[in-house]
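This one's a predicted model, so the numbers in the text were calculated from it and none came from an experiment. All heavy atoms count here, side chains included; hydrogens, waters and symmetry mates do not.
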Amino acid sequence: MKNFNVLLLSLALLLSVNNFAQEYKFGKVSKAELLEISYPTDSSANAAILYESKNIYYDYNQSYGFRLITEVYKRVKFYNQKGFENASEEIFLYKSSGTKEEISSLKGITYSLIDNKIVETKLKKEGVFEDEYSENRDQLKFTMPSLTEGSIVEFKYKIISPFIYNIDKIYLQQKIPIKKLNVKISMPEYFNFKKNMTGYLPIDLKQSRGNGKIAFNTKSGAGRHYGVNTVSRNEIDYTIDINTITATNIPAFKVEPYCGNSDNYLSSIVYELQFERYPNRPIKHYSTTWEAVAKSVFKHPKFGGELKKNSYFKEEVDQIIGKISDPVRRTALLYDFVKHKMTWNRKYASITRNGVKKAYNEGVGNSAEINIMLISILDYAGLDVKPVLVSSINKTISLFPTLEGFDYVIARVKLDKKILYLDATDKYGEPNVLPDRVIHGSGRVIAENGTSQLVNFRPNKVSRIHHSVTCQLSEEGAIRGKQSTNRSFYLAHNFRAKHGSEKNEAHIKRVQKNYEFDDINSYELKGVKDIGKAVSERFEFNIEEGIEVIDKELFFSPLLFLRNGENIFKSDEREYPIDFGYGYSRSVMLNIKIPEGYEIVEAPKGSAFKLPENMGNFVYRSSVIGDSIQISVTETLSTPFVPANYYPVLKQFYNQIVEKEGEQVVLKKV
């Protein structure tokens with residue numbers, strides 16, 4: 001028996017070693033991989049990257065000098081249909097001044113096990129799509145074909161880049177687990193890079209040295225009288241700095257509620273070229289400062305050049321402002337003018353595409369065209385206005401100064417000591433009320449002299465929603481009543497942005513679905529068109545089976561359909577911040593008339609608790625007046641951005657709210 005146990009242990013160790021040392025080669029997929037029904041260390045994973053390899057290096061050719069080569073190979077396993085969303089790959093190819101990155105050697109295969117046989121389906125050219133993504137990026141996208149549950153896909157490609165200073169951000173973690181990862185970055189001694197790391201996973205980066213050769217040919221005359229040239233081959237040795245990252249069983253990044261752009265928190269590494277130094281040549285610096293970025297932006301023909309144009313709008317703007325000298329009034333009029341004249345084409349951009357004049361004439365433009373136009377108009381009207389470069393919620397925050405770190409533009413206006421941020425792409429926008437795509441990002445105010453300032457768009461002011469309910473309970477468990485809801489500030493703005501164009505029928509369906517009402521009557525909506533004011537809803541409702549009836553006793557939560565049923569924060573721990581975008585206050589007032597012939601046996605008592613550092617509080621008040629129960633609840637979160645170290649107390653805060661709002665009233669037949 002002892003020998004048998006030793007044998008089992010030896011076999012287990014052997015399998016473990018073989019698994020760890022598994023070789024992944026393109027075109028070689030085993031039945032064992034296809035038969036795997038779940039990821040060994042995360043059974044909840046819908047898909048997993050079995051292997052990912054990135055080899056980044058520099059190649060030299062005498063005709064074009066150094067080029068940056070990125071070789072990618074990836075193998076992905078799908079455990080169920082939910083994992084199929086990971087079967088697509090997006091590749092962004094940079095371009096500038098007529099020069100661009102190119103992709104080559106793209107191959108892809110889908111493997112499926114059908115009738116116990118491995119069936120291969122190759123990625124075809126017609127399944128690969130290339131389109132212009134932005135002024136400086138082309139997008140190549142493909143989705144692997146013939147997917148079934150259990151399938152494995154693998155693909156590989158090579159990116160050839162003339163932009164030697166631009167190593168793309170290297171992600172070391174994804175939103176699905178990675179079984180094995182190999183990354184190798186080889187940099188000639190002539191290039192000095194600075195490394196920046198993000199995320200919360202430990203990164204085991206090993207550094208080593210290698211050798212490279214530059215081979216080139218030279219011509220020389222064999223003799224002045226014979227006119228014969230000879231070609232000689234020459235070689236220069238140089239040192240290569242090698243960074244290697246190898247990791248196994250990398251856990252999936254878990255996307256939590258209120259995280260903004262979760263890609264900002266994925267473990268990654270970014271290389272920034274500091275300088276280039278060749279023998280017997282002066283050093284060429286590439287790293288820059290925010291001052292240099294700001295100055296270059298104003299010199300950019302599609303930013304600064306467009307800001308200076310004003311002939312296309314002069315006549316209309318002169319008519320609008322007329323003799324109005326008040327800067328506040330001028331700002332409001334011109335902001336509304338651009339908002340109503342222009343329609344955003346949903347394109348994020350930090351520079352113009354077709355120019356402000358063309359956009360102005362057509363009434364359509366990207367975010368840069370519309371807001372550069374606004375800035376230019378406000379400047380023409382004599383207002384103190386500056387552009388703000390924005391990294392929207394869609395853009396990962398750049399770790400070093402670069403225009404590439406931004407994908408949006410808004411305006412900043414100074415009126416005495418008051419500062420206004422304006423975004424004319426937002427039809428429902430108002431001063432200092434910006435769309436979610438902006439407030440969840442970050443910005444930098446820039447001036448032509450090179451000065452700049454980091455901007456946090458999250459407001460200090462709390463947005464409010466107030467519910468008021470008056471209702472009557474029946475002994476059969478029905479609830480009939482009236483409700484009014486008022487929303488202000490960002491909650492009003494977001495309601496307008498989401499539902500502002502809907503008709504009454506759509507609003508009634510939305511309310512019925514949200515609250516599970518049987519009937520809605522007398523629906524009324526006010527304030528949607530009154531930008532800057534509260535939005536109010538009023539209606540009558542009916543719920544046939546709204547409370548629980550057991551043996552002549554009635555059981556219900558006095559917050560009825562307005563109570564928090566569950567805590568949205570479920571994870572035990574969280575490593576990155578909670579980004580609400582804006583603080584809020586939710587207040588509820590209910591007056592509930594109990595059925596005739598019933599008495600209150602049990603009712604919740606008043607309670608209050610709060611978060612540390614004045615981040616928020618919860619107050620619950622309860623009283624009985626005659627045959628009515630009156631409930632007042634106020635839930636406030638005053639801090640829009642909560643650091644990760646406060647997550648445990650924040651989760652507990654909402655647990656307490658759910659528990660308190662779930663407490664029941666018990667009525668008994670007298």
Side-chain angles (χ1 to χ4, degrees), residues 49 52-58 67-74 86 88-96 100-101 103 133-141 157-176 178 181-187 191-205 241-247 250 252-253 255 259-274 286-288 293 348 350 389-408 440-442 444 575-576:
I49 298 170
E52 183 173 6
S53 168
K54 280 193 175 180
N55 185 21
I56 301 165
Y57 60 93
Y58 286 83
R67 296 187 307 179
L68 179 63
I69 310 297
T70 302
E71 295 178 348
V72 177
Y73 168 41
K74 189 184 290 187
N86 298 282
S88 297
E89 182 84 349
E90 289 182 335
I91 305 164
F92 294 96
L93 303 171
Y94 187 75
K95 58 183 180 179
S96 178
K100 63 180 184 178
E101 295 177 331
I103 191 166
Y133 181 79
S134 68
E135 181 74 16
N136 292 111
R137 297 275 180 184
D138 286 335
Q139 181 192 53
L140 186 143
K141 186 175 182 179
Y157 56 86
K158 180 190 293 187
I159 298 173
I160 303 166
S161 174
F163 306 105
I164 59 174
Y165 51 83
N166 187 25
I167 296 178
D168 286 337
K169 189 174 187 178
I170 303 166
Y171 286 101
L172 307 174
Q173 184 182 28
Q174 298 293 342
K175 292 168 187 174
I176 56 175
I178 302 174
L181 175 70
N182 281 332
V183 176
K184 183 179 180 183
I185 307 102
S186 304
M187 299 157 286
F191 306 142
N192 183 278
F193 283 90
K194 177 183 178 183
K195 293 186 287 288
N196 295 281
M197 298 183 184
T198 65
Y200 301 93
L201 291 179
I203 297 174
D204 182 16
L205 187 148
D241 295 311
I242 302 171
N243 288 183
T244 305
I245 301 169
T246 303
I250 302 168
F253 178 87
V255 178
C259 64
N261 186 343
S262 58
D263 287 352
N264 283 316
Y265 308 114
L266 290 172
S267 289
S268 65
I269 184 166
V270 178
Y271 286 83
E272 179 193 8
L273 183 58
Q274 300 286 296
Y286 283 88
S287 63
T288 187
V293 170
Y348 292 71
S350 58
L389 295 172
V390 178
S391 295
S392 76
I393 191 172
N394 296 329
K395 188 77 173 177
T396 56
I397 296 172
S398 179
L399 299 179
F400 48 85
T402 171
L403 180 59
E404 285 296 305
F406 302 101
D407 65 339
Y408 207 89
H440 283 282
S442 64
R444 185 167 285 272
E575 294 180 315
Y576 52 92

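Ile269 CD1 to Ile203 CD1: the interatomic distance, rounded to the nearest 0.5 Å, is 6.0 Å. Within the model, atoms NZ of Lys184 and CG of Asn243 stand 11.0 Å from one another, a figure rounded to the nearest 0.5 Å. To the nearest 0.5 Å, the span separating CD1 on Ile185 from CG on Asp241 amounts to 11.5 Å. Note that CD1 of Ile69 and CD1 of Ile159 are 10.0 Å apart. Values are rounded to the nearest 0.5 Å. Considering CG of Asn136 and OG of Ser350, their distance stands at 8.0 Å, rounded to 0.5 Å. For the atom pair CG (Leu140) and CD1 (Ile91), the distance works out to 5.0 Å, reported to the nearest 0.5 Å.
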**Message:** side chain to side chain contact (heavy atoms under 4.5 Å, CB included), that's the test. Do Met197 and Leu205 meet it? Break it down for me.
**Reply:** CA-CA 11 Å; Met197 298 183 184; Leu205 187 148; 3.9 Å; yes

**Prompt:** Is there a side chain to side chain contact (heavy atoms under 4.5 Å, CB included) between Ile49 and Ile176 once you walk through the steps?
**Reply:** CA-CA 7 Å; Ile49 298 170; Ile176 56 175; 3.7 Å; yes

**Item:** Test log, rule side chain to side chain contact (heavy atoms under 4.5 Å, CB included), inputs Ile250 and Leu181
**Value:** CA-CA 8 Å; Ile250 302 168; Leu181 175 70; 3.8 Å; yes

**Message:** Would Lys95 and Asp138 count as a side chain to side chain contact (heavy atoms under 4.5 Å, CB included) here? Give the steps.
**Reply:** CA-CA 8 Å; Lys95 58 183 180 179; Asp138 286 335; 2.9 Å; yes

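The backbone N or O of Ser392 lies less than 3.5 Å from no partner atom in the side chain of Tyr408, so there is not a single donor-acceptor pair. Formation of a donor-acceptor pair under 3.5 Å by the Ser391 side chain with backbone atoms of Gly405 is found in this model.
In this pair, Phe92 and Tyr133 present their aromatic rings perpendicular. The plane angle is above 60°, beyond the 30 to 60° band. Ring geometry for Tyr271 versus Phe193: interplanar angle over 60°, hence perpendicular rather than tilted (30 to 60°).
For Tyr171 and Phe253, the distance between ring centers is not under 6.0 angstrom.
Scanning all heavy atoms of the two residues, the minimum distance from Tyr200 to Ser267 falls at N-OG, 3.4 Å. In this structure, Ser262 and Lys175 approach most closely via the heavy-atom pair OG-NZ, 3.0 Å. Minimum heavy-atom separation, Gln173 to Leu266: O-CD2, 3.9 Å. Residues Asn394 and Asp407 approach most closely at CB-OD2, 4.2 Å, considering heavy atoms. In plain terms, the two heavy atoms of Ser186 and Tyr58 that are nearest each other are O-CD1, 3.5 Å.
Counting heavy atoms from C-beta outward, Val183 and Leu172 have side chains that approach closer than 4.5 Å.
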I'd like a table of donor-acceptor pairs (distance under 3.5 Å, sequence neighbours excluded) in which one partner is a side-chain atom from residues 395-403, with atom names and distances.
unit_1 : atom_1 : unit_2 : atom_2 : d
Lys395 : NZ     : Glu404 : O      : 3.0
Ser398 : OG     : Phe400 : N      : 3.4
Ser398 : OG     : Phe400 : O      : 2.7
Thr402 : OG1    : Glu404 : N      : 3.1

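Within a 6.0 Å radius of NZ in Lys194, no more than 12 heavy atoms belonging to other residues, nucleotides or ligands are found.
For residues 160-169, there are no salt bridge (charged side-chain N to carboxylate O under 4.0 Å, His left out) pairs, not counting sequence neighbours.
Contacts of Tyr94 classified as ring pair (Phe, Tyr, Trp, His ring centres under 6.0 Å), with partners at least two apart in sequence or in another chain: Phe163.
Of the N and O atoms on the side chains of Glu272 and Tyr286, not one donor lies less than 3.5 Å from an acceptor on the other residue.
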